[in-house]
Amino acid sequence: MSILEQIRDAGIVGCGGAGFPTHAKLSGKGIRWLILNGAECEPLLGTDRWLMRERPGDIVTAAAAVTKEIGAQECVIGLKKAYTREIAALEAAIKKLPRTAPVVRLHTMDSFYPAGDEQVLVYEVTGQVVPPAGIPLDVGAAVNNVATMAAVHDAMEGRPFTRKYLTVTGEVADPKVLCVPVGTSYLDCIRLAGGATVEDWIAVNGGPMMGKPMTMAEAAGAVVTKTTSGILILRSDGAIGRARKISLEHMKNRAAASCIQCSYCTELCPRHLLGHPLEPHKIMRKMAISPDITQLLDDPDVRKAALCCQCGVCESYACPMGLQPRRVNALLKDTLGKAGVRYPKGEGTFAPLPARRNRKVPTQRAAARAGVLAYYHTVLDKMEQYQPDSVTLLLDQQIGAPCQVVVKEGDQVTEGQLVARCPEGKLGADLHASITGTVVKAEGAIVIQERRG
């Protein structure tokens, strides 16, 4: 069985957040660069750094094997110069590769945000700009998170993707990296990190810049998925907590009334700096003309919202008025998508703006502007594994079609057993039992209760 078949059968999807099925990404034609993303894009998250320190051999071995199978010319791990321990661990692992193995090298970068955005990373490593509305494959690159490559190593040894590494930090007593079965409850993860240290908190699924804020009630019903990179516990009256309370209508009214057209959101936009035609300040101006976004969908500036990567630099870092250009862009992208409007892929060669090198946002300053500087220097050397009594497996954990259940209530399943399959001919990924036990629900989601005795 080929490695790509092992990856497909293991149900691996990108661990960095988007959740694109890994076997499909690596099946692209004309991959010259296999790039491993070890930049740990979001402030506060430390999962990838832990994996690079503790599982460097697995990551490097899998990367070399995949490079050989897909015929890539180069395999590069991109990470920050400040990650000295991780660099040392990876370099030691690379030296242990057989002489016949493909070359794996490191590419180090400054600590700026968002260094881990895949299009930013592609440019940093290759010098090629992915065209607007394009993907890395358009310039011969495939980008995989280092955590994804660790899962690939597991698949090569016959272990499906059933456990997830994630960071739990912020207002918790004992911040750490966890390794838990997919489907573990957020509340269990928070408890494993010592519990919340404040009474009124929000949880952020992901990082402080791009993550999804959740109320305490929402977090109580949430479970870990294949794409959960972190759980941040923050004060509800902090910057992120306050921002999430702004209603959609109020956000649109503020955008229309308060934007001073300083253009900082555009001047610091990472995609704009790569040469993409995205100009958030113009979109905000159009909102001032007509807050009814359905009347703006034919506007060429508004349609460029489809190019936004949702990094949050515009609203968390750049805007002096406290507006939310990212949220406006997200709303417009969703509306454009529902209307069937797609931005045409750029053609030709694109170049970054000359000002780009001086406008990279330092990661620590991004954390400060986002209101999470107090947690920025938290050391995440601890890792704890956990086995819950039950798990809830969502059927839609990746880009593509939801899985189709292949078990029924009352079935006895073992960890690693297939419980839901990607529909034939569709983009997606299989789903496996993450614990051994009894299926107590098999509709809408799969709930498995641990088998006792």
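Count residues from 1 along the sequence.
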>> Does anything in residues 219-232 form a side chain to side chain donor-acceptor pair (under 3.5 Å)? List the pairs, not counting sequence neighbours.
In response: Thr225-Thr227, Thr225-Thr228

> Of the non-hydrogen atoms in Ala62 and Val152, which two are nearest, and what is the gap between them?
Replying inline: CB-CG1, 4.1 Å

> Side chains of Val139 and Tyr123: does their closest heavy-atom pair fall under 4.5 Å?
Replying inline: no

> Quick check: does any side chain N or O of Asp430 sit under 3.5 Å from a backbone N or O of Cys422, one acting as donor and the other as acceptor?
Replying inline: yes

> If we only count heavy atoms from C-beta on, is the Val13 to Gln397 side-chain gap below 4.5 Å?
Replying inline: no

Going by atom type alone, with no hydrogens or angles, which donor-acceptor pairs under 3.5 Å involve a side-chain atom of residues 192-201 and a protein atom two or more places apart or on another chain?
| residue | atom | partner | partner atom | Å |
| --- | --- | --- | --- | --- |
| Thr197 | OG1 | Glu171 | O | 3.3 |
| Thr197 | OG1 | Glu171 | OE1 | 2.8 |
| Asp200 | OD1 | Ser236 | OG | 3.2 |
| Asp200 | OD2 | Ser236 | OG | 2.9 |

>> Can you confirm whether Asp188 sits close enough to Val180 that some side-chain heavy atom of one is under 4.5 Å from a side-chain heavy atom of the other?
In response: no

Enumerate, atom names and distances included, each donor-acceptor pair closer than 3.5 Å involving a side-chain atom of residues 330-337, sequence neighbours excluded.
| residue | atom | partner | partner atom | Å |
| --- | --- | --- | --- | --- |
| Lys333 | NZ | Cys308 | O | 2.7 |
| Asp334 | OD2 | Lys338 | NZ | 3.2 |
| Thr335 | OG1 | Leu331 | O | 2.8 |

> Under the 3.5 angstrom rule, does the side chain of Glu69 hit a backbone N or O of Ile3 as a donor-acceptor pair?
Replying inline: yes

> Is a side-chain donor or acceptor of Thr167 paired with a backbone partner of Gly46 at a separation under 3.5 angstrom?
Replying inline: yes

> Can you name the residues that form a side chain to side chain contact (heavy atoms under 4.5 Å, CB included) with Leu137, not counting sequence neighbours?
Replying inline: Ile31, Ile135

> So is Arg49 actually on top of Tyr83's ring, under 6.0 Å and inside 45° of the axis?
Replying inline: yes

> What's the shortest heavy-atom distance between Ile202 and Arg235, and which atoms?
Replying inline: CG1-O, 4.4 Å

> Of the non-hydrogen atoms in Leu297 and Ala339, which two are nearest, and what is the gap between them?
Replying inline: CD1-CB, 4.0 Å

> What residues form a side-chain hydrogen bond (donor to acceptor under 3.5 Å, both in side chains) with Glu54, not counting sequence neighbours?
Replying inline: none

>> On a heavy-atom basis, which atom in Leu97 and which in Pro102 lie closest, and how many Å separate them?
In response: CD1-O, 4.3 Å

>> Per the ring pair (Phe, Tyr, Trp, His ring centres under 6.0 Å) rule, what does the pair list look like for residues 217-242, sequence neighbours excluded?
In response: none

>> I'd like to check His377 versus Gln364 (side-chain heavy atoms, cut-off strictly below 4.5 Å). Are they in contact?
In response: yes

>> So, applying side chain to side chain contact (heavy atoms under 4.5 Å, CB included) with Val143, which one of Ile35, Thr148, Val76 is it?
In response: Ile35

> Can you name the one residue among Asp58, Asp9, Asp154 that meets salt bridge (Lys or Arg N to Asp or Glu O under 4.0 Å) with Arg159?
Replying inline: Asp154

> Between Lys360 and Asp110, does at least one N-O distance fall below 4.0 Å, as a salt bridge requires?
Replying inline: no

>> With a 4.5 Å cut-off on side-chain heavy atoms, are Pro388 and Pro181 touching?
In response: yes

> Can you name the residues that form a salt bridge (charged side-chain N to carboxylate O under 4.0 Å, His left out) with Lys29, not counting sequence neighbours?
Replying inline: none

>> Whether Arg105 and Glu74 form a salt bridge (side-chain N of Lys/Arg under 4.0 Å from carboxylate O of Asp/Glu) is what I want to check.
In response: yes

>> Check this for me: does any side-chain nitrogen of one of Arg254 and Glu315 sit under 4.0 Å from a carboxylate oxygen of the other?
In response: no

>> Looking at every non-hydrogen atom in both residues, tell me the closest pair between Leu278 and Cys269 and how far apart they are.
In response: CD2-SG, 3.7 Å

Listed pairs under 3.5 Å, donor-acceptor, residues 113-122 side chains, sequence neighbours left out:
| residue | atom | partner | partner atom | Å |
| --- | --- | --- | --- | --- |
| Tyr113 | OH | Cys311 | O | 2.5 |
| Asp117 | OD1 | Arg271 | NH2 | 2.9 |
| Asp117 | OD2 | Gln119 | N | 3.2 |
| Asp117 | OD2 | Val120 | N | 3.1 |
| Asp117 | OD2 | Arg271 | NE | 3.4 |
| Asp117 | OD2 | Arg271 | NH2 | 3.2 |
| Gln119 | NE2 | Gly134 | O | 3.3 |

>> Applying salt bridge (charged side-chain N to carboxylate O under 4.0 Å, His left out), can you list everything that pairs with Lys68, at least two apart in sequence or on another chain?
In response: none

> Who pairs with Tyr165 by ring-ring contact (aromatic ring centres under 6.0 Å, His included), at least two apart in sequence or on another chain?
Replying inline: Trp50

> So, Gln398 side chain and Pro21 main chain: donor-acceptor pair closer than 3.5 Å or not?
Replying inline: no

> Do Glu384 and Val168 come close enough that some side-chain heavy atom pair is under 4.5 Å?
Replying inline: no

>> Is the shortest side-chain heavy-atom distance between Leu34 and Leu26 below 4.5 Å?
In response: yes

> Heavy atoms, side chains only, cut-off 4.5 Å: are Arg369 and Val361 in contact?
Replying inline: no

> Which heavy-atom pair separates Leu373 from Ala368 by the least distance, and what is that distance?
Replying inline: CB-CA, 3.8 Å

> For Lys345, which residues count as a salt bridge (charged side-chain N to carboxylate O under 4.0 Å, His left out) partner, sequence neighbours excluded?
Replying inline: Asp138

>> Tell me every residue that passes salt bridge (charged side-chain N to carboxylate O under 4.0 Å, His left out) with Arg342, counting only those two or more places apart in sequence or in another chain.
In response: none

